[in-house]
Every structure is written in C-alpha cells, then in structure tokens.
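The structure presented is a predicted model; accordingly, all values stated were derived computationally and were not measured.
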Amino acid sequence: MLDFSALDGAFGILTSSWSAWLWLIPGLVIGLVFGAMPGISITMAMAIFLPITLYMDFLPAIVFLTSIYTGAGFGGSVPAVLMNIPGTSSAVATTFDGYPMARAGRHNQALGVALASSVVGTLSSYVLLLFLIVPVSIIVLKLGPLEMFAIAVWGLLLLGSLSGSSVWRGLLAGVFGVLLGTIGMNTAGFIRGTMGVPWLLDGVPAIPAMMGLLAASQLLNLINTTYLIENEDDRKISFARILEGVRLAFKYPTIIFRGATIGVIIGAIPGVGSSISNLISYSETKRNASDGDTFGSGNPKGVIAAESANSSSEGGAMATMLALGIPGGGATAILLAAFAMHNIIGGPQFIAQNRDIVYAIIFSNFAQAILLLFVGLGFVYLAASIVRVPLRFLIPSVLVVSTFGSYAILGSLAGPITLFIFAILGWAMVRYDYPVAATVVGLLLGSLLEQNIIRTWQISRGELGYLLERPGAILILVVMIASVGMTAISKYRRKKALLVADAAES
C-alpha cells in the first residue's frame with residue numbers, strides 16, 4: 001500500500017531544492033559513455049565517481065549515482081548492437097538479434113528499438129517498485145540457495161533456445177561454459193583447472209572472457225570485410241529511422257510488460273539479477289512468437305525482450321537494496337557504500353523511518369527514465385556513426401580499447417591474456433558452428449550453480465526431503481519444467497507448420 005503522507009513529503013523534498021535535478025543529465029551521459037565502452041562495467045563507472053558524492057547532500061548523491069546506473073544499463077546495448085560486444089553481462093541477449101539487424105543495415109532501427117525498450121522497461125520497473133517494494137523484500141528474504149540454484153538451472157536450460165539449428169551443439173557449448181565457470185577455488189576449498197596459474201584461483205575473469213568470445217572473435221571473422229555494413233546506402237545515419245525503431249517498440253506492449261515483470265522479479269534476487277532475466281525474457285518471447293524461428297537472425301522482438309528485461313532488473317535490484325540493505329550486485333553495492341558515506345544504513349528500518357526519501361529516490365528514477373529517451377536519442381545518433389568507419393581502422397581500435405578495458409578490470413596482464421585466449425576460442429567455435437553465446441551463458445552461470453548447490457547440500461546435509469520443505473523451489477522447478485516443455489511444443493508446432501506449408505507449395 002502507498003503511504004500518501006510520505007508521497008506528499010517526497011514531492012516536498014524534490015521541489016524544495018533543484019540541486020538533485022542538476023545531476024540527472026550529467027549522470028545519464030556518464031553512464032551512457034561508460035556503458036558503451038568495452039570492458040568498462042556499470043560498477044566501475046559508479047566506483048570512479050563515488051568519491052565526488054562525498055561532497056554532496058545525500059539525495060543529490062544518490063540521484064547522481066542512480067543516473068549513472070540507468071544510463072549505463074542502456075549504454076551496454078549500443079556496442080551489443082553495433083559490434084556484437086555486450087557492454088555488460090545483462091546485454092548478452094541483445095546481441096542475438098541486435099547485431100544481425102545492424103549487419104543487415106538496420107542499425108538505426110535496432111538502436112531505436114533498444115532505447116525505447118530500455119526506457120519503458122526502466123519506467124515500468126520503478127512503477128512496480130513503488131507499489132511492491134515491501135512485498136518483494138519479503139519474498140526475497142525467503143529465497144535460499146536451493147531456489148537460486150533452481151533459477152540458475154532454468155537459465156542453463158534456456159541454452160536450447162540459443163543454439164540455432166542444433167540443440168545438442170548449444171547444450172554442449174553451454175556445458176563447456178559451465179566447466180569454464182567452475183575453474184578456480186570453490187566455497188568448499190577445492191581447486192580445479194587452474195594449471196598452476198595464480199590468477200585463475202578466483203576463476204576465469206568473466207568480462208574479459210566474454211569480450212573475447214563475443215567481440216574479438218567476431219572481429220577476427222571480419223578481417224576480409226571492408227565495412228560492418230557492406231551496402232553504402234544502408235550505412236547512412238538516419239534520425240528518422242531511429243525514431244521508427246522507437247515507434248516499433250511500442251507496437252509490442254505485451255513483450256515489454258513481460259520483460260519488465262521478469263526483470264523486476266529476477267533482478268531482485270541477489271547474485272542472479274539481469275544476467276539471467278534477459279535470457280528468460282528472450283526465451284519466453286521466442287516461444288510465444290509466431291515467428292520464433294526468425295529469432296537470432298535480426299528480429300526486433302528479440303531486442304525488445306532482452307532490453308526491457310535487463311533494464312527493469314535495475315528496479316528489482318533497488319528493491320532488495322532499499323528494503324533489505326542487501327546489494328543485488330556490484331552497482332547496488334556502490335549505492336550502499338554511498339549510503340554509508342552519508343551515515344545512512346539501508347534496510348527495513350530505513351524504509352520505516354524515511355519512506356518519503358525512498359519515494360523521492362523512486363520518483364527521481366521516473367525522471368531518469370524519461371530523460372534517457374531524449375539524451376539517448378542524441379547519443380545513439382552519434383554512436384551509430386561507427387558503421388561508417390572502415391574495418392581496417394575499427395578492428396584494431398576496438399581490440400586496443402578492449403585490451404585496455406580488460407587490463408583495467410583486473411589491474412594485471414591476466415585480463416588481456418584472457419581476452420586473447422578466448423578470442424581464439426570464440427573464433428574456432430564460430431568456425432565449426434558452435435553457438436558462442438551458449439558458452440558465455442554457461443560461463444556466467446557456472447560459479448553460481450556450484451556455489452548454491454554446495455550451500456544447499458550443507459544446509460540439507462544431503463537429505464532429499466529438504467526439497468519438500470522449500471515450496472518456493474518446487475514452484476520454480478514446476479514453472480521451469482512447464483516453460484521448457486512449452487518451448488519444445490512450440491518448436492514442434494512451428495516445424496510441423498513449416499512442413500505443411502512446404503507440402504502445399506509443392
């Protein structure tokens with residue numbers, strides 16, 4: 001239920017001083033620029049500017065940091081569409097259809113679709129957060145490692161929808177990714193697959209590996225190509241076509257609403273978040289679409305599903321952070337640090353005593369989402385110019401930026417070494433028709449799967465009866481099985497319809 005006296009107080013806070021509003025656009029621009037740079041994560045962008053907030057009042061500081069969060073959430077989709085480089089792990093599914101659209105000369109439309117989906121997804125997530133912040137926090141408190149393991153398994157089973165023509169190749173690539181994700185020392189103290197390399201004790205660095213698999217490997221395959229888009233007429237930057245993409249996104253409100261709901265629910269779970277929500281949204285949209293077979297070859301519905309989910313997961317993560325004082329990921333951990341710098345502790349007591357401030361933060365995020373549409377339009381218009389750069393200049397430039405970005409993440413040569421090893425691995429997978437995206441998903445989920453199954457085993461002491469004590473886990477498993485089963489049925493029906501159509505033509 002809404003507290004109307006607190007709502008009135010929130011409006012009073014936001015209208016009494018314009019200092020908080022002054023930081024909205026600078027924060028969005030910083031987030032967009034950093035989010036679009038390969039190797040620069042949302043967390044890194046927020047951490048760089050965190051010290052500045054020490055000299056601000058509390059509300060302007062949080063508004064500034066959340067603006068960076070919002071801007072970077074969309075910024076990661078720009079390289080995902082234009083260069084097949086997901087700026088963050090949450091933009092992986094955006095590459096599936098966004099990059100094929102760009103290669104087909106529809107980059108303007110793809111960027112417009114991604115922007116509109118991100119704006120509506122972010123706005124929807126905070127509308128839901130406004131009404132559901134307390135119920136969501138109660139649900140999250142009841143989730144244990146078994147439930148988080150079940151969600152991670154669900155994400156892993158979605159690899160079948162990412163596998164293109166061969167489900168088995170997709171599952172094999174995904175299992176390979178999971179094995180890569182379990183390299184290093186686990187929570188039980190066992191060391192696996194490090195080959196005596198010290199920096200592998202903490203596991204394979206995910207961001208450099210992801211950049212190598214998805215970006216560098218793709219660039220290696222383009223060495224003999226002159227431009228990203230070969231047709232000169234299609235390389236034109238058109239503001240009208242970007243707006244056309246924005247309008248196209250609004251033609252699919254069901255996909256946006258589904259993605260926003262999935263993003264809020266999954267994004268609220270600490271340690272899971274947008275890395276899985278965009279995959280679940282993409283898979284569910286593909287299953288329900290009549291043209292599901294065209295996903296992965298440049299269907300804008302895939303971009304809408306992915307971007308609405310990964311942007312709305314921001315609201316879910318904020319719900320967990322505000323209501324429980326538990327960071328859902330690196331970005332919300334930075335926000336908690338900003339709270340601490342101003343001698344404020346997030347959690348139930350903070351909400352109970354400062355609900356007007358909580359509402360003020362949520363309302364400022366409404367403004368961020370709306371402003372993102374206008375600031376983002378200018379940004380994507382400039383960013384789209386990259387398709388006009390000859391690849392003989394673009395490939396070495398991106399590789400250099402990626403190398404420096406991977407070095408900045410770890411502060412050592414481990415980042416660039418990982419980047420180049422996985423670039424070669426990704427090139428080989430593309431060469432022999434194995435889906436690279438499935439390996440990326442497996443790599444992201446590997447440690448999550450292992451950590452939560454170990455914790456579940458320790459808590460249950462190996463007794464299967466523990467499952468019956470966790471109705472939430474049973475519900476997730478039932479939904480997962482139903483989702484996978486319906487996906488298989490949907491694929492069978494589309495294949496059957498295609499055979500009938502072919503028979504009718506012959």
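Scanning all heavy atoms of the two residues, the minimum distance from Val204 to Ala209 falls at CG1-CB, 3.9 Å. Across every non-hydrogen atom of Gly302 and Asp97, the tightest pair is CA-OD2, 3.7 Å. When all heavy atoms of Phe74 and Ala114 are compared, the pair lying nearest together is CE1-C, 3.7 Å. Shown here for His342 and Met56, the closest heavy-atom pair between the two residues is NE2-O, 3.0 Å. Nearest heavy-atom pair, Thr94 versus Ser77, reported as atom, atom and distance to 0.1 Å: CG2-CB, 4.1 Å. Closest approach of Leu82 and Tyr99 over heavy atoms only: O-CE1, 3.7 Å.
Side-chain N or O atoms of Arg106 include one that pairs as donor or acceptor with a backbone N or O of Gly298 at under 3.5 Å. Checked by atom type and distance alone, the side chain of His107 never pairs as donor or acceptor with a backbone atom of Arg103 at under 3.5 Å. At least one donor-acceptor pair closer than 3.5 Å links the side chain of Asn278 to the backbone N or O of Ala93. With hydrogens and angles ignored, the 3.5 Å screen pairs a side-chain donor or acceptor of Ser125 with a backbone N or O of Thr122. Judged by distance alone, with hydrogens and angles left aside, the side-chain atoms of Thr456 form a donor-acceptor pair with the main-chain N or O of Leu146 at under 3.5 Å. Judged purely by atom type and a 3.5 angstrom limit, Ser312 uses its side chain to pair as donor or acceptor with the backbone of Ala260.
The shortest side-chain heavy-atom distance between Thr294 and Lys301 does not fall under the 4.5 Å cut-off. Counting heavy atoms from C-beta outward, Gln109 and Arg241 have side chains that stay 4.5 Å or more apart. Leu372 is listed as a side-chain neighbour of Leu115, based on a closest heavy-atom distance under 4.5 Å. The side-chain heavy atoms of Leu28 and Ile68, taken from C-beta on, include no pair separated by under 4.5 Å.
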**Report entry** Intermediate values then yes/no, side-chain contact (heavy atoms from CB on, under 4.5 Å), Ile370 and Val119
**Finding:** CA-CA 7 Å; Ile370 295 169; Val119 168; 6.0 Å; no

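Neither side chain, Ser238 nor Asn108, offers a donor N or O lying under 3.5 Å from an acceptor on the other. Looking at Thr66 and Gln368, their side chains do bring a donor and an acceptor atom within 3.5 Å of each other.
Remark: aromatic rings of Phe363 and Phe366 are close, center separation under 6.0 Å. Two rings, from Phe96 and Tyr282, have their centers less than 6.0 Å apart.
With values rounded to the nearest 0.5 angstrom, Ser281 atom OG is found 9.0 Å from Asn310 atom CG. Residue Leu123 holds its CG atom at 10.5 Å from CG of Leu373, rounded to the nearest 0.5 Å. Expressed to the nearest 0.5 Å, how far CG of Leu32 lies from CD1 of Ile25 amounts to 11.5 Å. With values rounded to the nearest 0.5 angstrom, Glu284 atom CD is found 6.0 Å from Asn288 atom CG. Taking CH2 from Trp23 and CZ from Phe49, the interatomic distance works out to 10.0 Å, rounded to the nearest 0.5 Å. Within the model, atoms CG of Leu279 and CD1 of Ile262 stand 11.0 Å from one another, a figure rounded to the nearest 0.5 Å.
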Hey, can you pull the donor-acceptor pairs under 3.5 Å for the side chains in residues 245-258, sequence neighbours left out?
from, atom 1, to, atom 2, distance (Å)
Arg258, NH1, Thr285, OG1, 3.2

Mind listing the side-chain donor-acceptor pairs of residues 58-65 below 3.5 Å, one per line with the distance, residues two or more places apart or on another chain?
none

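The one candidate from Val303, Val81, Asn299 that meets the side chain to side chain contact (heavy atoms under 4.5 Å, CB included) condition with Met101 is Val303.
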